Number of protein chains: 2
Amino acid sequence: MASRSYGQYCGVTTAVELIGERWALLIVRDLLVGPRRYTDLKQGLPKIPTNILSTRLKELQEGGVVRRVPLLHCGLVYELTPYGRELEPIVLAMGRWGFQQMGDPSPDDIVTADSLTMALRTAFRADAASTLPPADYEVHVADVVLRVHVDPSGLKIAQLQPAGRPVDPRLGTQASVAGDPDIVFAAGPGIRRLISGELTPAAAIDQEVLAVVAGDATLLERFAETFRIEPGVVLAA
Amino acid sequence: MASRSYGQYCGVTTAVELIGERWALLIVRDLLVGPRRYTDLKQGLPKIPTNILSTRLKELQEGGVVRRVPLLHCGLVYELTPYGRELEPIVLAMGRWGFQQMGDPSPDDIVTADSLTMALRTAFRADAASTLPPADYEVHVADVVLRVHVDPSGLKIAQLQPAGRPVDPRLGTQASVAGDPDIVFAAGPGIRRLISGELTPAAAIDQEVLAVVAGDATLLERFAETFRIEPGVVLAA
DNA sequence: CCGGATCCGAATCGATACTG
DNA sequence: CAGTATCGATTCGGATCCGG
């Protein structure tokens, strides 16, 4: 059951046939954070019907984008193939592009750990980070807690349980979290307006879209310099 | 009738809601070549049902990706907004990504002028062109005839009618075509294997995937250096 | 011809229930 | 945990039709 063909012999068409079906690119987005079990994907995409999830995973495997990896005595995970991982700059660019058109959230829109992780990756400015001192942020948005480490060499994000423990390290990509963060802050979806530059950190605190829980509040300035999406700049570096 | 929401507050999700529906990105691909009338789009996407085309155009307008421009006494065209044009590097990158997975064409796969134009853009290597002398190619693939001008400043592609006349210049993006091309050659879909580096020009002629109609056959080497998609290199420059 | 709108059967999607 | 099975709701595809 090949996916319905567009009837053209063209690279864009082929790409859309591979990853253009509903939900497919969101599965790829989550897998770009790290390998995930079926159940992880289902939780990260709460509105996906389970039959669609399994159908997409099969199609993505057929397309060479995803593979299924058994874990010794521990179930199995899905992960991107090297070919699938080449989608990273594309997904990041799409995130930046879509970010510009985001309005305010619908009442039932949610923020997941993987989507926020990728959002920070899309907003990360390596050039800014390379000229700034290192920093460790603990970011709370809705129920998601992220430990964000920035230094001149790049960006590392670990997902913490709301309780405070890191997720299963077997699932990879999480750097071990050492020591305390330099700042802990909590935000709502309005954090978008900080990243777009629409709000300064001070204004964000004023308008209660953001609150510093602990640590050095002045680091918010550095955060806002490090993570920003400016209109018209879509290309990954 | 907002498009079905994925229920997440995330840039990638927003992007997919804007351009992820069936056919949408192919419409964008064709509009990246230049403004197009409804009928042009229908011809460039022969398998699209007309109700889907009009629905997508409405959705893309609502999303701020496309706008409808009346032409004085001459009907109307659809064109990308500046925001829509920001998709260019993304579509080019997707073209490169999909190119790697393209097999041989199905018997009923076609090549359109716009898809071939974009394919050459995806394959164009500005770095190679900047060190090579200028060249003018006339490329025939199936029924499509393209006039391809390369010089160190970049790439210009004009679509010719099979008869040899340029298309309506009102529709823009076509440079005026001056003088004769340096080489005229005809190829089938197997030109893909030249661009992938799988075949040298000499081998391509040997295997009859390509034939020189007129001009300097040695220019095929330059063509093959200028247009190439190598595995793993997806990012636009 | 251009720019669609309408109708209808086929395929896909979404929601829920259920299973090894 | 990792999926199938089922079934109504939507969307898609193909064809036809219509006003300018």
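Chain naming here is simple, since letters A, B, ... match the order of the sequence lines and numbering starts at 1 in each. All figures in this text were calculated on a predicted structure; none of them were measured in a lab.
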message: When you compare the side chains of B/Gln159 and B/Arg147, does any donor N or O come within less than 3.5 Å of an acceptor on the partner?
response: no

message: Regarding A/Gln43 and A/Arg36, do their side chains bring together a donor and an acceptor under 3.5 Å, going by distance alone?
response: no

Is [X] near enough to [N] that one of its side-chain N or O atoms lies under 4.0 angstrom from OP1 or OP2?
X	N	result
A/Arg4	C/dA11	no
B/Trp23	D/dC12	no
B/Arg68	C/dG4	yes
A/Tyr6	D/dC12	no

task: Would you please test B/Glu59 and B/Arg56 for salt bridge (charged side-chain N to carboxylate O under 4.0 Å, His left out) and show each step?
output: CA-CA 5 Å; B/Glu59 293 166 350; B/Arg56 289 295 170 271; 3.1 Å; yes

In this structure, how many angstroms lie between the [atom2] atom of [N] and the [atom1] atom of [X], rounded?
X	N	atom1	atom2	value
A/Glu17	C/dT12	CD	P	13 Å
B/Arg37	C/dC2	CZ	C1'	8 Å
A/Leu57	D/dC1	CG	C1'	14 Å
A/Glu59	D/dG3	CD	P	14 Å
B/Arg56	D/dG13	CZ	C1'	12 Å
A/Tyr38	D/dC1	OH	P	12 Å
A/Leu26	C/dG14	CG	P	11 Å
A/Leu45	C/dA15	CG	C1'	16 Å

Could you please name the option among [options] that lies closest to any side-chain atom of [X]?
X	options	result
A/Arg22	C/dG4, C/dG14, D/dG3	C/dG14
A/Lys58	C/dC13, D/dA2, D/dT4	D/dT4
A/Glu21	C/dG14, C/dC13, C/dG3	C/dC13

- line: Expected string for nucleotides 14-20 of chain D under the B/S/- scheme (protein heavy atoms, under 4.0 Å, primed atoms plus P, OP1, OP2 as sugar-phosphate) is BB-----

statement: On a heavy-atom basis, the closest approach of A/Leu60 and A/Leu18 is CD2-O, 3.7 Å

Under 3.5 Å, side-chain donor or acceptor atoms of residues 138-146 of chain A against the rest of the protein: list the pairs with distances, not counting sequence neighbours.
| unit_1 | atom_1 | unit_2 | atom_2 | d |
| --- | --- | --- | --- | --- |
| A/Glu138 | OE2 | A/His140 | NE2 | 2.8 |

message: Can you tell me how the ring of B/Trp97 sits relative to the ring of A/Tyr83, calling it parallel under 30°, perpendicular over 60° and tilted otherwise?
response: parallel

Quick one: salt bridge (charged side-chain N to carboxylate O under 4.0 Å, His left out) partners of [X], sequence neighbours excluded?
X	value
B/Glu86	none
A/Arg67	A/Glu79
A/Asp30	none

- line: The reported gap from CZ in A/Arg37 to OH in A/Tyr78 (rounded to nearest 0.5 angstrom) is 12.5 Å

message: Categorize B/Leu76 for me: base, sugar-phosphate, or nothing, with a 4.0 angstrom heavy-atom threshold over every strand shown.
response: sugar-phosphate

- prompt: At how many degrees, to 10°, do the end axes of the helix from C/dC1-D/dG20 to C/dG20-D/dC1 meet when each uses five pairs?
  reply: 30°

